[in-house]
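From a predicted model like this one, the values you see are computed outputs, not experimental measurements.
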Amino acid sequence: MSSPKPLRLCPDFSFFLNPTDYPCHLIMDLENEYETLRKRVEQTTLKSRTVARNRSGVTNVSSPLKSSASNSLGDYDPLPNGSEAHWEVVERILFIYAKLNPGIAYVQGMNEIVGPIYYTFATNPNSDWKEHAEADTFFCFTNLMAEIRDNFIKSLDDSQCGITSKMESVYSTLKEEDEELYLKLQEQNIKPQFFAFRWLTLLLSQEFVLPDVIRIWDSLFADEKRFDFLLMVSCAMLILIRNQLLEGDFTINMRLLQDYPLPNGDVLPILKKAKELQDSK
């Protein structure tokens, strides 16, 4: 079991380590007897499950893009009393969500879902919106989780609404659009669980840097069939690196899929290709 890890959230992005301009004064006021979550989490653990438990087909669900940067957080010094970092606000959101939803509680990876939502609200140029970033994030995160929570429930993995079915849909779409590439991955025994599990469960939030994630989510959430579009995006990602995949062996291709090489450093070609695939259906 482990506690939420928002401190490791987007470690290549210093925003979450910085103090918020709107800390929870009720908790931060030293005259009150309320104990900060910062202290509580040090003394206990929040019941959780990890998305890495044999479900992804690999031993680690974290992306190389982010794991290397997370090593530098060991020297992080907590902010002084009265101040609250953005990651602590995210931690509180996850803690309250877990308490209100004991059936799913906290699953490792949820921090990667809530992070971009909070960042969008907390950096709004309108201070009236920014002040209520925590409440707005909790509302949006709760509603988003209502749509994707089945991905985080292991007992539903093999059901029609589970993550296994979604991963298989990525390969079935790829077979229709690029059978040569599909057969190559099949020949090398590269299962969708090896990469698509993380892509789909975390909505690609670990595959790209935060600004690119927000751009992808903008298109994703604007689509009425947003999670069908996510399958198209995943298939597009494969097709756009088809030449590299066709030339590579198992080891090289696994590295490509677990540390995706963004074509020309821009996510727009991925979204354009995904739209083409969607319109062809």
Side-chain angles (χ1 to χ4, degrees), residues 1-28 34-42 44-51 61-63 65-67 69-70 72-74 76-101 104-124 129-146 148-149 151-152 201-206 208-214 217 221:
M1 294 189 297
S2 62
S3 60
K5 295 295 188 292
L7 177 57
R8 298 178 180 270
L9 185 60
C10 299
D12 54 337
F13 209 63
S14 63
F15 168 81
F16 290 95
L17 302 179
N18 296 332
T20 173
D21 293 331
Y22 305 99
C24 182
H25 295 294
L26 185 63
I27 296 176
M28 293 294 110
Y34 296 107
E35 188 176 46
T36 65
L37 185 58
R38 183 191 307 174
K39 294 180 179 179
R40 291 185 63 183
V41 171
E42 289 174 355
T44 186
T45 57
L46 181 63
K47 186 175 182 180
S48 71
R49 290 176 292 275
T50 171
V51 293
V61 75
S62 63
S63 167
L65 176 69
K66 299 190 175 186
S67 60
S70 66
S72 64
L73 295 179
Y76 170 73
D77 294 323
L79 297 174
N81 289 332
S83 296
E84 191 171 40
H86 289 291
W87 71 263
E88 294 183 276
V89 179
V90 172
E91 184 174 53
R92 183 163 55 245
I93 292 170
L94 292 170
F95 186 86
I96 294 173
Y97 176 83
K99 289 297 184 181
L100 293 177
N101 297 272
I104 184 172
Y106 171 77
V107 180
Q108 184 178 332
M110 286 182 180
N111 57 314
E112 302 290 349
I113 300 295
V114 73
I117 301 173
Y118 175 77
Y119 174 81
T120 301
F121 283 120
T123 57
N124 193 302
W129 285 94
K130 186 187 297 186
E131 181 178 0
H132 302 289
E134 181 175 355
D136 290 340
T137 299
F138 181 80
F139 175 83
C140 290
F141 174 69
T142 300
N143 279 276
L144 177 57
M145 284 303 300
I148 66 173
R149 60 179 294 164
N151 294 343
F152 291 88
T201 302
L202 304 183
L203 309 183
L204 298 172
S205 61
Q206 281 205 331
F208 308 107
V209 295
L210 185 56
D212 288 338
V213 172
I214 292 174
W217 283 19
F221 296 151

Heavy-atom closest contact ([X] atom, [Y] atom, distance):
X	Y	result
L203	W217	O-NE1, 2.9 Å
L17	A85	O-CB, 3.9 Å
I104	M145	CD1-CE, 4.0 Å
V114	V90	CG1-CG1, 3.4 Å
F16	G115	CZ-O, 3.5 Å
H86	Y118	ND1-OH, 2.7 Å

>> Counting neighbours of CZ on F139 that are heavy atoms of other residues, nucleotides or ligands and sit closer than 6.0 Å, is the number greater than 12?
In response: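 Atom CZ in F139 is not crowded, with 12 or fewer foreign heavy atoms closer than 6.0 Å.
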> Side-chain contact, heavy-atom cut-off 4.5 Å: N143 with C140?
Replying inline: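 Contact flag for N143/C140 side chains = no.
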>> Does any part of the side chain of F141, heavy atoms only, come nearer than 4.5 Å to the side chain of L94, both counted from C-beta?
In response: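 The answer is yes, as the side chains (C-beta and beyond) meet within the 4.5 Å cut-off.
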>> So, using ring-ring contact (aromatic ring centres under 6.0 Å, His included) as the criterion, who are the partners of F138 when residues are at least two apart?
In response: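 ring-ring contact (aromatic ring centres under 6.0 Å, His included) check on F138 returns nothing, list empty.
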> Got a second to check how far F121's CZ is from E131's CD, nearest 0.5 Å?
Replying inline: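 The distance works out to 14.5 Å.
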>> Under a 3.5 Å distance rule, please check whether W129 uses its side chain to pair with a backbone N or O of D136 as donor and acceptor.
In response: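 Between the backbone of D136 and the side chain of W129 there is no qualifying donor-acceptor contact (under 3.5 Å).
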> What is the ring orientation for Y119 with F15, classed by angle as parallel under 30°, tilted 30 to 60°, or perpendicular over 60°?
Replying inline: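 Rings of Y119 and F15: perpendicular, as their planes differ by over 60°.
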